Amino acid sequence: MFIPVLAMHIPDGFLSIPVSALGWLLLIGIVAIALRQTRQQLGDRQIPLMGILAAFVFAAQMINFPVAGGTSGHLLGGTLVAILLGPWAAVLVMTSVIAVQGMLFQDGGLLAIGFNATNMGVIAAFVGYAAYALVGRVMRGRPGRHLIGAAVGAWLGVEVAALATALELAFSNTASLDIALPAMAGVHALIGIGEALITVAALAFIQQTRPDLIRGSEASASRGSGWIAVGLLIALAITLVSPLADPNPDGLERVAEDQGFIETAQQPPYEILPDYTVPFIESEAASTILAGVIGVIFVVGVSYATARLSKKRRGASGSQPI
Amino acid sequence: MQFNVKDRPSMGDTPLHALDPRMKLVVAVLLIVGIVLTPERALPAYPLLWALVASLAVIGRVGVWRLARLGTVALPFALAGLTLLFTTPGQPLATVGGLTISDAGLLRFVSILIKSWLATQVSILLSLTTPFTDLLGALESLGIPQTLVLITSFLYRYVFTLNDEADRLRQARASRSAAPTYGRGGGRWWWRAQVAGGMIGNLFLRSTERSERVYAAMLARGFSGQMRAIAPPPLTWRAALPGLLPLLGLIVIEVLARLWWNG
Amino acid sequence: MSEMLIQVQGLYYHYPDGTAALEDVSFTIHRGEKVGLIGPNGAGKSTLLLHLNGILRSSSGQITIDGLPLTERSLRQIRAQVGLVFQNPDDQLFSTYVHQDVAFGPLHMGLPDAEVERRVEQALEAVGMRGAAGRISFHLSGGEKKRIAIATVLSMQPKILILDEPSSGLDPRGRRSLIQLLASFTDQTLLISTHDMRLAYDLCSRVIVLDEGKIAADGPAADLLTDAILMERHGLESVGHV
């Protein structure tokens with residue numbers, strides 16, 4: 001049967017109704033724009049191309065590779081598609097993939113499709129694409145810039161999507177942020193490395209076989225400064241909101257004091273947002289952000305090294321298909 | 001790793017299979033909404049909700065226990081909610097490794113587990129009793145943009161074809177993945193990730209080329225950007241009526257849950 | 001109504017990278033004729049077929065279908081008259097259900113629903129696949145897919161049926177039954193591109209040999225296909241005398 005690709009497909013029951021509704025609203029708005037944009041970009045080709053690429057992402061997610069301890073790595077794909085076809089196309093492709101996973105495989109819930117597609121589609125596509133475009137600009141003219149950009153983008157896309165997932169759970173009051181956030185961030189910092197490696201290797205293969213496709217994507221990435229701003233804004237917003245939105249800032253200590261809390265506080269029928277306080281930025285917040293920065297630097301280094309290595313290897317052995 | 005959705009029995013002649021897919025989708029979503037909205041302390045509501053889901057499973061001849069078992073697919077995700085045991089304010093119940101479990105935390109955690117399990121069963125029941133294309137048709141009638149629905153139907157059409165191609169790539173990889181007599185073969189994990197990435201790049205190129213051919217095949221048969229299909233029959237009250245029964249059950253349970261069991 | 005169904009006059013085509021794919025291709029196909037188009041890989045056969053219903057547009061040359069010149073304006077009319085069956089049925093059958101695919105052409109011709117249903121039934125009947133409407137395309141066998149692919153075009157009731165490599169990927173039995181099926185279309189004008197010389201010999205009265213984008217020979221199938229020297233020169237195999 002289907003093996004869940006990542007611990008990022010939120011099932012039903014884990015998002016509150018208001019949070020689910022917000023996810024749907026966000027998704028509907030963004031998909032509406034994406035439909036118009038890709039229609040302009042692709043014309044009548046839109047439907048067959050997006051549809052078959054959605055099938056591609058679905059099939060590609062099932063190409064796994066063993067990592068350590070019986071676990072295996074997979075591609076998520078949002079950033080890869082965003083780099084190859086632009087972020088709007090990636091939004092549609094990923095939304096379609098996640099909808100099918102939810103409706104047919106119960107990999108993620110039905111009500112949760114809104115935020116699942118927002119996390120793994122919209123956020124992964126825009127943040128990843130922005131990082132890709134930014135690296136391409138910073139390293140203008142240097143060899144390997146788009147592979148490094150893709151590595152950074154793929155890693156960051158996964159990481160920010162994971163942070164968003166933790167946030168949504170916390171706002172639904174189904175996970176406590178001060179534990180879920182570092183846990184999600186930590187696990188996905190590793191998963192993101194797998195995503196980065198696969199994305200880079202896939203792009204390298206495409207570059208060798210069809211360099212015209214990569215050139216086209218680079219050209220469009222270098223044009224859109226807006227993307228960089230939008231994507232980095234999303235990333236920044238989520239990273240900064242995360243440590244601030246803790247609904248139970250000092251949960252453990254408060255347990256003892258709050259005996260009788262349940263008796264006095266009548267639960268409102270629908271909690272629009274669970275009560276959250278805005279504490280001063282604790283050292284944990286700073287360390288989360290710092291960890292992100294260190295992670296980015298690490299991934300840039302690793303991917304630059306692998307890009308160089310694989311180039312040397314190919315140079316020595318000719319262009320052998322893998 | 002195979003996904004065998006094509007073997008799933010989404011065809012059948014039970015009243016659940018026969019219910020109009022538009023109605024079925026709406027009912028399923030409302031059931032899930034109802035389940036999620038159940039107050040967490042209304043404990044008697046949970047067995048009743050399960051009885052509601054189970055009776056639907058009986059009507060659809062899906063098998064109550066089978067559905068219950070399939071419904072656990074999402075439970076590993078509950079790891080994310082495990083922390084609630086310790087962080088939710090309430091009466092201390094027990095201490096595990098220096099962490100205190102509160103009664104409210106336990107209640108919240110268990111209620112999330114049950115709700116997720118029930119909601120997942122509803123979603124599985126829907127997919128087991130409705131052919132996927134009918135579901136797509138229902139989505140379109142309910143206002144999901146046609147283009148997105150069509151993209152998804154292309155996904156459904158070609159996912160098996162592309163998965164077969166991926167399988168051939170996997171076999172080619174496996175047949176060349178030899179290991180020395182002693183020791184472990186297959187290279188380092190980052191090298192394996194690169195191999196997988198190469199396969200994915202290969203698959204991407206095949207997919208875009210296929211999309212060009214499919215597009216040409218569509219053009220050849222008169223496609224000009226606007227997709228046409230035979231209009232689905234209008235939804236009549238007679239066809240929709242049976243779908244109201246489970247909703248009635250849901251309403252009764254939810255009212256009880258809010259009025260009497262929410263104390 | 002003209003007896004000359006397809007007229008191709010001085011057709012040239014260059015790939016985007018500049019290589020010539022078709023050079024000064026001219027021929028005429030009459031109503032009811034069964035023509036084989038043969039030539040080595042890369043000769044331009046598929047490129048030529050894609051021109052005949054306007055999927056590829058040439059840099060110069062004139063194509064006329066049943067007296068109607070192919071232009072941007074006549075494109076949709078011409079696509080209804082020229083039925084193109086692609087080589088890989090998985091490209092042709094892009095819908096989930098057989099019915100959706102066979103109905104696609106008639107629906108996009110703007111026919112009313114009742115007429116569409118009638119044509120779907122007729123087309124499935126004609127390819128010997130009655131009752132397959134509710135089946136899922138992915139589950140069909142290779143031979144069945146081929147038949148349905150032909151039905152998706154027959155339902156448009158085209159004046160000419162064009163098939164690209166119809167026997168590729170079929171086992172001997174599937175190939176035999178396909179040849180029988182095509183032979184049963186007695187009144188239908190056919191243009192078949194193929195590497196299967198035996199199939200061309202069995203079905204076609206005339207063949208056109210295309211090589212390096214140019215027409216190398218055009219004549220009765222019985223003469224050309226048994227001409228060992230001609231066939232050899234263009235990387236083909238002659239059919240032994242029967």
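Residue numbers begin at 1 in each chain, while the letters A, B, ... track the order of the sequences. Here the structure is a predicted model, which means the values were calculated and not measured.
With a 4.5 angstrom heavy-atom cutoff, B:Gln121 does not touch chain A via any of its atoms. Contacts between A:Ile10 and chain B at a heavy-atom distance below 4.5 Å involve backbone atoms as well as side-chain atoms. If you measure heavy-atom distances from B:Leu126 to chain A, the contacts under 4.5 Å come from the side chain alone. Only the side chain of B:Phe223 comes within contact range of chain A, with heavy atoms under 4.5 Å apart. Contacts between A:Thr95 and chain B at a heavy-atom distance below 4.5 Å involve the side chain alone, from C-beta outward. Looking at B:Ser224, the atoms closer than 4.5 Å to chain A (heavy atoms on both sides) all sit in the backbone: N, CA, C or O. If you measure heavy-atom distances from B:Leu139 to chain A, the contacts under 4.5 Å come from the side chain alone. Proximity to chain A (any heavy atom under 4.5 Å) is restricted, for B:Leu205, to the side chain, taken from C-beta onward. If you measure heavy-atom distances from A:Val31 to chain B, the contacts under 4.5 Å come from the side chain alone. Looking at A:Ala60, the atoms closer than 4.5 Å to chain B (heavy atoms on both sides) sit in the backbone and in the side chain alike. Looking at A:Leu203, neither its backbone nor its side chain comes within 4.5 Å of chain B, counting heavy atoms on both sides.
In this structure, the side chains of A:Leu85 and A:Leu53 come closer than 4.5 Å at one or more pairs of heavy atoms. By the 4.5 Å heavy-atom criterion applied to side chains, B:Met199 and B:Gln194 are not counted as neighbours. Looking at B:Tyr215 and A:Ile52, their side chains never come closer than 4.5 Å, going by heavy atoms from C-beta outward.
In this structure, the salt bridge (charged side-chain N to carboxylate O under 4.0 Å, His left out) partners of B:Arg210, at least two apart in sequence or on a different chain, are B:Glu165, C:Asp91. For B:Phe204, the ring pair (Phe, Tyr, Trp, His ring centres under 6.0 Å) partners two or more places apart in sequence, or in a different chain, are A:Phe56.
A salt bridge does not link B:Lys115 to B:Glu40: none of the charged nitrogens lies less than 4.0 Å from a carboxylate oxygen. The residues A:Arg39 and A:Asp44 are annotated as salt-bridged, a charged nitrogen and a carboxylate oxygen being separated by less than 4.0 angstrom.
Between the side chain of A:Asp12 and the backbone N or O of B:Ser116 there is no donor-acceptor pair closer than 3.5 Å.
With chain A as partner, the option from B:Ile112, B:Val29, B:Ile35, B:Leu219 having the largest number of non-hydrogen pairs under 4.5 angstrom is B:Ile112. Between chain B and the options A:Val97, A:Val100, A:Leu92, the largest number of non-hydrogen pairs under 4.5 Å is found for A:Val100. Counting heavy-atom pairs under 4.5 Å between each of A:Ala166, A:Ala59, A:Ser96 and chain B puts A:Ser96 at the top. Ranked by non-hydrogen atom pairs under 4.5 Å with chain A, the options B:Leu169, B:Val214, B:Thr152 are led by B:Thr152. Of the listed residues A:Ile17, A:Leu110, A:Leu49, the one with more heavy-atom pairs under 4.5 angstrom with chain B than any other is A:Ile17.
Relative orientation of the B:Trp117 and B:Trp50 rings is parallel, given thresholds of 30° and 60° on the angle between their planes. The aromatic rings of B:Tyr156 and B:Phe160 lie perpendicular to each other, with more than 60° between the two planes, well past the 30° mark.
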